[in-house]
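Both counts, for ligands and for their atoms, begin at 1 and track the order of listing.
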Amino acid sequence: MVRQKCIERGQNELSTADYSIIALGLQLRLPILSADYALVNAARYFSSLNILTPGKKNFVTKKTIKYCSICKVFFDLKESFCDNCGNSLVLKKEKMR
Ligand SMILES: [Zn+2]
């Protein structure tokens with residue numbers, strides 16, 4: 001049914017896996033989370049489907065590092081004390097660039 005409807009709408013560049021995802025979403029009433037443009041577009045033909053398209057800002061990777069609050073210096077995770085002042089390091093989450 002999904003494949004039929006997509007082809008009727010001129011969307012025929014989807015793989016069998018893509019059709020299956022849409023079909024499962026419909027069957028299980030679960031939202032589809034995808035950044036695949038073709039798949040998201042086709043999923044919009046099915047009004048009962050909920051589609052979540054993650055923007056880049058939703059996928060920020062954070063790296064945990066050690067930090068000396070006195071010297072404002074970052075250290076490797078395996079370090080426990082600051083090389084300069086001996087202060088115990090705190091864990092900090094840093095956004096990766
Ligand atoms: Zn220090």
| What protein N/O/S atoms sit under 2.8 Å from the Zn ion (ligand 1), by chain and number? | Cys68 SG, Cys71 SG, Cys82 SG, Cys85 SG

| Test side-chain contact (heavy atoms from CB on, under 4.5 Å) applied to Tyr67 and Leu89, Val90, Leu91, the passing residue | Val90

| query | Does some side-chain heavy atom of Phe46 sit less than 4.5 Å from a side-chain heavy atom of Ile22? | reply | yes

| Can you check whether Leu39 reaches Tyr19 side chain to side chain, under 4.5 Å on heavy atoms? |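 Sidechains of Tyr19 and Leu39: no contact.
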
| Has Lys92 got its NZ or CZ under 6.0 Å from the middle of the six-membered ring of Phe74, at an angle within 45 degrees of the ring axis? |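 Relative to the ring axis of Phe74, which defines the angle, Lys92 lies outside at least one limit.
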
| said: Determine whether Ser69 and Asn87 satisfy the following criterion, side-chain contact (heavy atoms from CB on, under 4.5 Å), listing intermediate values before the conclusion. | reply: CA-CA 8 Å; Ser69 53; Asn87 185 32; 3.5 Å; yes

| said: Tell me if a side-chain donor or acceptor on Asp76 pairs with a main-chain N or O of Glu79 at a distance below 3.5 Å. | reply: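 No, the answer is negative, given that no donor and acceptor are paired below the 3.5 Å cut-off.
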
